[in-house]
Amino acid sequence: MITAAVLSFGLLGTALQAAGSSSPIRAELLPGWRLASGDHIAALRLVMSPGWKTYWRAPGDAGIPPVFGWQGSQGVSGVQVMWPVPHVFDQQGMQSIGYAKEVILPLRISTTSDDIALNGRVQIGICKDICIPEELRFRADLSAKNARPDPRISAAMANVPLTSAEAGVGRVSCELAPSRDGLTITARIDMPRAGGTEVAVVETANPYLWVAEAQSERQAGTLVARTEIMHVDGKAFALKRDGIRITVLGSKRAVDIQGCPAP
């Protein structure tokens, strides 16, 4: 069963109210503060009812990918969503990646004026026994005046995956081979163990490419991840190696690896 609801708000810092009072998600925009560079840091806080979850940037085979839009914003040249380390869930035998209970998604906003109007539209999925596509719409005025750092946002920013350099990642390579429907990719990553069962999530810069759930194994100090990439319309495609992104999720740390050169 799939249903849909639209959430909206207009007052800064107030909770979004669902079209139906039984919605399992509550959301709030945290106004944040202005950086010395001129960028503004805000955040979207999502709170789910018990048993419900929402999805990470790459949601897994069983998830619904989130989509953000900022059309109509004023004084804004770009918005970067910063993703805290997600959890890996088993969803009816399939892997999904996301957040339960609550998540704060920091927003780094590139500004062109002191006072900005952020006009946002966020399409997300939330799931329990059923999956519900939700749409959040909001407009908020954010000013450099009287803006104060928010420790909740700072904590979420500190919880993003480590970079390759921070995690001590060594050599990274990807071997590509044709498959019946696209390409198989075998990534070899020299890196310290991330703890527990390591899950490697492979993404590409092309939104029209679908990446299957990767199978990962340890070969001494090397993590080996294999998966398949296909075009969503079954078309031929070229894969840019600098657009490959691999996130390794473990019980102790998560690592964000950008680009994957040839062996």
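Along the sequence shown, residues carry numbers from 1. Reckoned from all heavy atoms, side chains included, excluding hydrogens, waters and symmetry mates.
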Kindly indicate, with the supporting measurements, whether the criterion salt bridge (Lys or Arg N to Asp or Glu O under 4.0 Å) is fulfilled by E28 and R26. CA-CA 7 Å; E28 177 185 8; R26 293 184 294 108; over 6 Å; no
Which donor-acceptor pairs under 3.5 Å do the side chains of residues 185-195 make with protein atoms, sequence neighbours left out?
from : atom 1 : to   : atom 2 : distance (Å)
R188 : NH1    : Q219 : OE1    : 3.3
D190 : OD1    : T222 : OG1    : 2.5

Determine the minimum heavy-atom distance between L239 and L209, stating which atoms define it. CD1-CD1, 4.0 Å
Nearest heavy atoms of A42 and P31, plus distance in Å: CB-O, 3.7 Å
Side chain proximity check, I25 to L46, heavy atoms < 4.5 angstrom: yes
Minimum heavy-atom separation for V172 and C260, please, with both atom names. CG1-SG, 3.8 Å
Any heavy-atom pair between the side chains of D39 and Q80 that's under 4.5 Å? no
Do P66 and W83 have side chains that get closer than 4.5 Å, going by heavy atoms? yes
Taking the side chain as everything from C-beta on, heavy atoms only, tell me whether R218 gets closer than 4.5 Å to E198. yes
Would you call H40 and L118 a side-chain contact if the rule is heavy atoms closer than 4.5 Å? no
Value rounded to 0.5 Å, distance of CZ in R148 from CH2 in W33: 12.5 Å
Go through the steps to decide whether R253 and E166 satisfy the test side-chain contact (heavy atoms from CB on, under 4.5 Å), and finish with yes or no. CA-CA 11 Å; R253 64 183 63 87; E166 291 170 336; over 6 Å; no
Under the 3.5 angstrom rule, does the side chain of T247 hit a backbone N or O of V201 as a donor-acceptor pair? no
If you compare all heavy atoms of V255 against all heavy atoms of V169, which two are closest, and at what distance to 0.1 Å? CG1-CG2, 3.8 Å
Are V67 and I109 co-members of a hydrophobic cluster defined by side-chain heavy atoms under 4.5 Å apart? no
Expected output: side-chain T54 to main-chain G125 donor-acceptor under 3.5 Å: yes
Linking I/L/V/M/F/W/Y whenever any side-chain heavy atoms sit under 4.5 Å apart, do V103 and L29 land together? yes
Would a distance-only check, ignoring hydrogens and angles, find a side-chain to backbone donor-acceptor pair under 3.5 Å from D233 to K235? no
Hydrophobic cluster identity match, V211 and M230, side-chain contacts under 4.5 Å: no
For M48 versus Y99, what's the shortest heavy-atom pair and its separation? CE-O, 3.7 Å
Judged by atom type as modelled, is there a donor-acceptor pair below 3.5 Å linking the side chain of D242 to the main-chain atoms of G259? no
List the steps, then state whether side-chain contact (heavy atoms from CB on, under 4.5 Å) holds for T204 with W210. CA-CA 9 Å; T204 76; W210 177 81; over 6 Å; no
Do you know which two heavy atoms are closest between S113 and G75, and how far apart they sit? OG-CA, 3.7 Å
Taking a hydrophobic cluster as the set of Ile, Leu, Val, Met, Phe, Trp and Tyr residues connected by side-chain heavy atoms closer than 4.5 Å, whether directly or through intermediates, do V76 and L107 fall within one such cluster? yes
Under a 3.5 Å distance rule, please check whether S96 uses its side chain to pair with a backbone N or O of G63 as donor and acceptor. no
Following the transitive rule for hydrophobic clusters with a side-chain heavy-atom cut-off under 4.5 Å over Ile, Leu, Val, Met, Phe, Trp and Tyr, establish whether Y55 and F89 coincide in one cluster. no
